[in-house]
Amino acid sequence: MGDEDWEAEIIKPHMSSYVPVFEKDRYSSGANGDTFNRTPASSSEMDGGPSRRDHFMRSGFASGRSLGNRDAGESNKRENTTTVGSFGAGKGFGNRDFSNKFEEGDTSGFWRESNNDCEDNQTRNRGFSRRGGYQDGNDSEAPGASRRGGRDSKYEQDEGTQRTGGLFGSRRPALSGAGNGDTYQSRSCSGSGRGGYKGLNEEVITDSGKNTWKSEAEGGEGGDVQGPKVTYIPPPPPEDEDSIFAHYQTGINFDKYDNILVEVSGHDAPPAILTFEEANLCQTLNNNIAKAGYTKLTPVQKYSIPIILAGRDLMACAQTGSGKTAAFLLPILAHMMRDGITASRFKELQEPECIIVAPTRELINQIYLEARKFSFGTCVRAVVIYGGTQLGHSIRQIVQGCNILCATPGRLMDIISKEKIGLRQVKYLVLDEADRMLDMGFGPEMKKLISCPGMPSKEQRQTLMFSATFPEEIQKLAGEFLKSKYLFVAVGQVGGACRDVQQTILQVGQYSKREKLVEILRNIGDERTMVFVETKKKADFIATFLCQEKISTTSIHGDREQREREQALGDFRCGKCPVLVATSVAARGLDIENVQHVINFDLPSAIDEYVHRIGRTGRCGNTGRAVSFFDPESDSHLAQPLVKVLSDAQQDVPAWLEEIAFSTYVPGFSGSTRGSVFASVDTRKNYQGKSTLNAAGFSSSQAPNPVDDESWD
Ligand SMILES: Nc1ncnc2c1ncn2[C@@H]1O[C@H](COP(=O)(O)OP(=O)(O)OP(=O)(O)O)[C@@H](O)[C@H]1O
């Protein structure tokens with residue numbers, strides 16, 4: 001596709017953005033209007049037989065997977081197996097012996113599944129080689145998969161499990177409405193809803209090959225993969241002031257933020273501020289802060305705002321949900337206002353002053369909404385662009401004017417290659433979830449970004465990195481992006497879990513997980529719950545299973561089209577679907593009101609991912625609960641880091657977990673499973689000027705009420 005061929009995207013017909021609807025009548029086998037709890041009429045139906053498969057194909061579940069007889073493991077134990085019809089043709093899970101993995105019959109190998117469900121480039125980079133070559137029945141190509149490879153293989157078997165009942169106490173019974181012909185439940189039941197384009201390679205297929213940034217992963221993939229063009233145009237966010245400033249309440253533990261220890265390292269760090277007034281922001285910004293309901297700074301804001309206002313580079317690590325987004329947006333906006341930024345106008349080539357990158361589409365969209373909120377009433381224009389949406393739409397947004405560009409890496413590089421964005425004016429480069437942005441998935445893309453023609457050198461721009469986790473080796477990589485005298489702010493334990501989240505680890509064997517999940521969800525009632533699983537397939541499977549169990553569920557993962565992902569998030573946010581089954585694509589950054597529970601149906605392979613996942617609850621001083629199913633067969637490598645994270649957060653550590661940790665003891669271990677360690681501090685060896693303060697700005701020795709970990713919760 002030529003440079004300007006994005007226009008063609010606009011006029012070409014939309015390929016596949018159908019949101020699947022499970023039609024109740026087609027599945028009703030009983031008279032009660034129950035949508036999902038079906039007993040298959042025949043084995044052919046169990047196999048995803050013709051009628052059902054046909055239906056799903058017509059319904060747009062077209063990329064070829066069948067969940068027919070997905071309950072295989074249970075099926076030889078229970079007569080009345082619930083089934084959901086096929087999710088399309090091609091890949092079949094149908095009627096498998098449960099000793100097999102999910103078996104794929106996809107002869108094209110085109111939509112090869114990755115275990116590692118990350119966003120845009122991450123998936124592209126890692127996943128490319130997988131796409132070309134299908135390995136029959138083997139879903140373990142993703143990094144780390146070999147370790148976990150056995151998990152699916154016995155997916156449906158049962159095994160001895162320690163159970164803990166009534167974990168959350170008794171709440172409401174299963175979802176009201178479910179099973180009463182609640183078509184919403186039917187509609188929102190996950191399914192993969194593929195129907196075609198994977199939504200990960202859109203930049204590739206719209207590119208002519210001119211894009212020099214895509215040589216490794218994308219270029220190769222682009223050469224092999226031709227998919228339909230992405231035509232999805234996300235609906236514009238609401239424009240009314242109430243919606244822009246809608247926010248949720250801080251929680252009972254918000255004030256306890258003041259007690260947490262903060263360590264600032266690096267030369268000549270400016271002092272922390274204690275109030276918004278001390279930041280000396282302009283009136284419009286102050287108004288916006290007030291309208292957003294912010295009255296008090298969080299620790300990361302107290303330290304980061306003056307550092308950024310002083311023009312310093314920053315690496316900041318603070319626990320999930322503690323306000324890192326405003327910590328970088330507010331001082332950047334303040335600078336822009338102070339510098340007398342002029343309204344950007346329609347131009348074919350826009351030159352934003354600020355670029356913010358984040359690893360997932362939903363997260364970057366959220367950051368954009370925050371930028372829009374805080375810049376309300378100013379002439380600063382924020383724009384968001386991300387994969388899975390029509391490229392032409394992204395370009396149209398940009399050419400109208402762009403001061404702050406919020407982007408996922410793949411789409412950003414694409415737009416730069418199309419010369420719609422020039423980098424000469426960039427003064428601020430922000431990497432949110434910076435450890436992810438610098439790891440092997442996105443790191444190469446980020447390096448390309450900073451060496452793009454026109455991008456000011458690190459001496460000429462201000463680079464800001466934020467995350468809740470910063471493994472040591474990532475900190476080392478970050479040096480390439482930051483001025484040598486960058487400051488490092490650590491709020492609490494670097495990489496530590498938020499202490500407002502009550503963590504519970506249950507020993508649950510692979511084949512008892514679903515039963516346990518249903519038990520927990522029934523106790524929870526309709527409180528919002530995110531259920532994390534390790535693979536995209538399993539996300540589909542578990543979401544479908546929960547729908548069958550009459551628990552209104554939706555799902556989000558990298559194989560769903562962007563429209564479906566946004567719909568799923570919307571349904572979850574507004575409470576229509578109180579359960580969201582997700583892969584790691586939703587682990588970081590998402591700030592959703594009232595998520596009271598996180599369930600790790602599968603534990604992630606790395607402990608930092610665990611910290612981010614459970615951080616979807618217990619945000620902004622609110623409390624939350626996280627339950628994780630620990631399968632000793634596959635999760636033993638996590639025992640040691642889990643014990644550390646639990647004890648650092650002053651959570652109960654089960655004796656059995658300590659035993660496993662002891663038996664799998666790795667000398668020298670201090671936190672992560674990536675061969676890295678959780679740095680407890682700045683990993684630079686020779687910095688000076690380190691000071692440990694509590695968040696109220698007192699050094700720990702002078703603090704009127706010295707605090708330590710104990711006082712945190
Ligand atoms: N000073 C404040 N007062 C009140 N609410 C705040 C304040 N700062 C941030 N918030 C709110 O707290 C929530 C969490 O903030 P944010 O998403 O920036 O957290 P985060 O630290 O980036 O989390 P994560 O590590 O998960 O990305 C948001 O709803 C945000 O609006």
Side-chain angles (χ1 to χ4, degrees), residues 67 70-71 73-74 93 101-102 113 115-117 139 144-145 147-159 161-164 167-168 189-190 192 501 503-524 527-549 551-558 568 572 577-587 595-607 609-617 624-635 638 642:
L67 292 185
R70 300 295 304 273
D71 242 348
E74 302 288 326
F93 300 176
K101 285 169 166 284
F102 289 143
E113 167 106 27
N115 270 0
N116 195 350
D117 186 8
D139 190 35
R147 189 175 46 209
R148 305 181 73 89
R151 298 181 70 136
D152 284 348
S153 65
K154 292 173 290 178
Y155 186 53
E156 302 294 344
Q157 288 178 356
D158 211 337
E159 65 181 42
T161 303
Q162 171 186 316
R163 288 175 195 286
T164 306
L167 185 70
F168 295 118
C189 172
S190 162
S192 74
V501 181
Q503 302 175 56
T504 307
I505 314 288
L506 301 178
Q507 200 176 147
V508 185
Q510 188 64 35
Y511 310 106
S512 304
K513 285 184 177 182
R514 281 182 297 159
E515 207 178 315
K516 190 74 200 164
L517 177 65
V518 169
E519 179 192 324
I520 292 172
L521 289 175
R522 291 212 195 288
N523 281 331
I524 283 173
E527 290 182 353
R528 248 162 269 181
T529 305
M530 291 180 78
V531 178
F532 283 100
V533 298
E534 198 56 358
T535 67
K536 293 175 265 191
K537 282 176 193 168
K538 207 186 264 187
D540 283 341
F541 178 61
I542 296 300
T544 305
F545 164 71
L546 291 176
C547 285
Q548 287 176 320
E549 294 291 322
I551 294 170
S552 193
T553 302
T554 187
S555 74
I556 187 165
H557 60 73
F572 182 60
C577 276
V579 177
L580 178 69
V581 179
T583 57
S584 289
V585 79
V595 176
Q596 277 127 330
H597 306 273
V598 167
I599 299 174
N600 281 309
F601 184 92
D602 297 319
L603 277 163
S605 50
I607 195 68
E609 199 68 15
Y610 170 84
V611 169
H612 286 278
R613 283 184 183 183
I614 68 168
R616 295 319 98 213
T617 184
R625 290 175 170 184
V627 181
S628 302
F629 296 167
F630 185 101
D631 178 0
E633 284 208 3
S634 50
D635 299 325
L638 267 187
L642 260 181

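Keep in mind that this is a model prediction, so the values were computed, not measured.
Here the closest non-hydrogen pair linking Ala568 and Ser555 is CB-O, 3.2 Å. A pairwise comparison of heavy atoms in Ser552 and Pro578 identifies O-CD, 3.5 Å as the closest pair. Closest approach of Ala586 and Arg616 over heavy atoms only: O-CD, 3.6 Å.
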Walk me through it: do Val627 and His597 pass the test side chain to side chain contact (heavy atoms under 4.5 Å, CB included)? CA-CA 8 Å; Val627 181; His597 306 273; over 6 Å; no
Walk me through whether Asp635 and Leu642 qualify under side chain to side chain contact (heavy atoms under 4.5 Å, CB included). CA-CA 10 Å; Asp635 299 325; Leu642 260 181; over 6 Å; no
Between Phe601 and Lys516, is a side chain to side chain contact (heavy atoms under 4.5 Å, CB included) present by the stated rule, with each step listed? CA-CA 9 Å; Phe601 184 92; Lys516 190 74 200 164; over 6 Å; no
Decide side chain to side chain contact (heavy atoms under 4.5 Å, CB included) for Lys513 and Asp602; before the verdict, give the C-alpha distance in whole Å, the side-chain angles of both, and the deciding distance to 0.1 Å. CA-CA 9 Å; Lys513 285 184 177 182; Asp602 297 319; 2.9 Å; yes
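Annotation: the span from Leu638 atom CG to Leu603 atom CG amounts to 5.5 Å, rounded to 0.5 Å. A distance of 11.0 Å separates NE2 of His612 from CD1 of Ile607, quoted to the nearest 0.5 Å. Interatomic distance, CD1 of Ile614 versus CZ of Phe532, reported as 10.5 Å (0.5 Å rounding). In this structure, Asp540 CG and Thr583 OG1 are separated by 10.0 Å, a value rounded to the nearest 0.5 Å. The structure places CG of Leu580 at 11.0 Å from CZ of Arg528, a figure rounded to the nearest 0.5 Å. Atoms CD and OG1, on Glu549 and Thr544 in that order, are 12.0 Å from each other to the nearest 0.5 Å.
No side-chain heavy atom of Asn523 sits under 4.5 Å from any side-chain heavy atom of Ile520. In this structure the side chain of Phe629 reaches within 4.5 angstrom of the side chain of Leu517, judged on heavy atoms. Between Val579 and Ile524 the shortest side-chain heavy-atom distance does not fall below 4.5 Å.
The main-chain N or O of Ala587 is never found under 3.5 Å from a side-chain atom of Ser584 such that the two would form a donor-acceptor pair. The backbone N or O of Glu527 lies less than 3.5 Å from a partner atom in the side chain of Thr529, making a donor-acceptor pair.
Listed by chain and number, the residues in a salt bridge (Lys or Arg N to Asp or Glu O under 4.0 Å) with Arg613 are Glu534 (sequence neighbours excluded). Residues satisfying the ring pair (Phe, Tyr, Trp, His ring centres under 6.0 Å) criterion with Tyr610, sequence neighbours excluded, are absent altogether. Evaluation of the side-chain contact (heavy atoms from CB on, under 4.5 Å) rule for Thr617 yields Val501, Val595, Val598 as partners, not counting sequence neighbours. Residues satisfying the side-chain hydrogen bond (donor to acceptor under 3.5 Å, both in side chains) test with Ser628, not counting sequence neighbours, are Asn600.
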